[in-house]
Enquirer: 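Handing you this structure, nothing more for now.
None of these values were measured; they are calculated from a predicted model. These values consider heavy atoms only, across backbone and side chains, with no hydrogens, waters or symmetry-generated copies. Ligands are counted one by one from 1 in listed order, and the atoms in each one are counted from 1 as well.
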Amino acid sequence: MANEVVLLDFWPSPFGMRVRIALAEKQVKYEYRDENLRDKSELLLKMNPVHKKIPVLVHNNKPVCESLIIVEYIDEVWSDKYPLLPSHPYQRAQARFWADFIDKKMYTTGRSVWSTKGAEQEAAIRDFIDQLKLLEQELGNKPYFGGDNFGYVDLTFIPYYSWFHAYETLGNFKIEESCPKIIEWAKRCMERESVAKALPDQKKVYEFVLELKKMYGL
Ligand code: GS8
């Protein structure tokens with residue numbers, strides 16, 4: 001089977017970064033298309049008519065949508081390469097549980113951190129730190145959420161590291177003070193080529209968040 005792979009993405013998207021990391025871990029060659037989300041391409045609207053969101057993986061002209069579903073698809077299609085999900089059903093269920101937790105919480109809480117002020121922002125920061133502490137507890141003394149190997153939960157969570165500087169600067173707090181092990185883990189992940197190449201520079205994301213704030217009049 002020919003493998004024509006196109007990724008519709010947007011560079012600061014933590015959801016897109018997950019897919020970039022997965023494709024890199026599997027050594028899949030693909031065409032990267034950065035979308036303008038203010039003026040979406042015909043291809044994006046055709047490939048994701050339901051949500052009209054990136055990322056979309058177009059594999060041999062067929063779309064797969066939603067980042068975590070895309071990552072699982074990649075793991076199944078390129079099953080001969082570096083495994084992302086654990087093979088044991090119980091461990092797979094646990095990995096999906098934490099990926100789902102990250103998916104439900106990080107983006108929205110992170111957004112509250114950079115988009116609010118005063119007491120509302122203080123509450124958002126507390127919430128954000130509480131979530132990181134839960135994740136830190138789950139990590140324990142393991143090098144990765146996946147144990148000895150970088151895997152599905154690591155790949156789901158690490159994209160937010162590129163947003164940490166924006167959260168910290170706009171919220172005036174330091175993640176490392178409350179969650180040092182999360183920062184150690186993030187730095188360990190950044191040593192992987194797949195991660196280092198997929199994540200944009202933290203300063204660039206910060207500039208992007210400033211633009212977003214201006215755009216939304218915050
Ligand atoms: C979220 C994708 C998403 O929010 C996933 O893939 O996991 N649950 C989905 N994509 C955003 C860009 S990142 O903030 C997007 O495409 N937004 C365009 C829009 O809402 O119009």
Enquirer: Using ring-ring contact (aromatic ring centres under 6.0 Å, His included) as the criterion, list what pairs up with Tyr32, not counting sequence neighbours.
Expert: none
Enquirer: Can you sort out the partners of Tyr82 under ring-ring contact (aromatic ring centres under 6.0 Å, His included), two or more places apart, ordered by chain and number?
Expert: none
Enquirer: Can you run down the side-chain hydrogen bond (donor to acceptor under 3.5 Å, both in side chains) pairs that involve residues 128-143, sequence neighbours left out, and say none if there aren't any?
Expert: Trp98-Glu138, Thr109-Gln131, Asn141-Lys181
Enquirer: Could you please spell out the steps behind the side-chain contact (heavy atoms from CB on, under 4.5 Å) verdict for Leu85 and Glu72?
Expert: CA-CA 8 Å; Leu85 274 137; Glu72 291 210 23; 3.7 Å; yes
Enquirer: State, without any angle test, whether Tyr90 and Gln94 hold a side-chain donor-acceptor pair at a distance under 3.5 Å.
Expert: yes
Enquirer: Examine the side chains of Ser41 and Glu35 and answer whether a donor and an acceptor come within less than 3.5 Å of each other.
Expert: yes
Enquirer: Just list the N/O pairs, ligand 1 to protein, that are under 3.5 Å apart, with the distance for each.
Expert:
residue: ligand 1; atom: 6 (O); partner: Ser67; partner atom: N; Å: 2.8
residue: ligand 1; atom: 7 (O); partner: Ser67; partner atom: N; Å: 3.3
residue: ligand 1; atom: 7 (O); partner: Ser67; partner atom: OG; Å: 2.6
residue: ligand 1; atom: 8 (N); partner: Glu66; partner atom: OE1; Å: 2.7
residue: ligand 1; atom: 10 (N); partner: Ile54; partner atom: O; Å: 2.9
residue: ligand 1; atom: 14 (O); partner: Tyr107; partner atom: OH; Å: 2.8
residue: ligand 1; atom: 16 (O); partner: Ile54; partner atom: N; Å: 2.9
residue: ligand 1; atom: 21 (O); partner: Lys40; partner atom: NZ; Å: 2.5

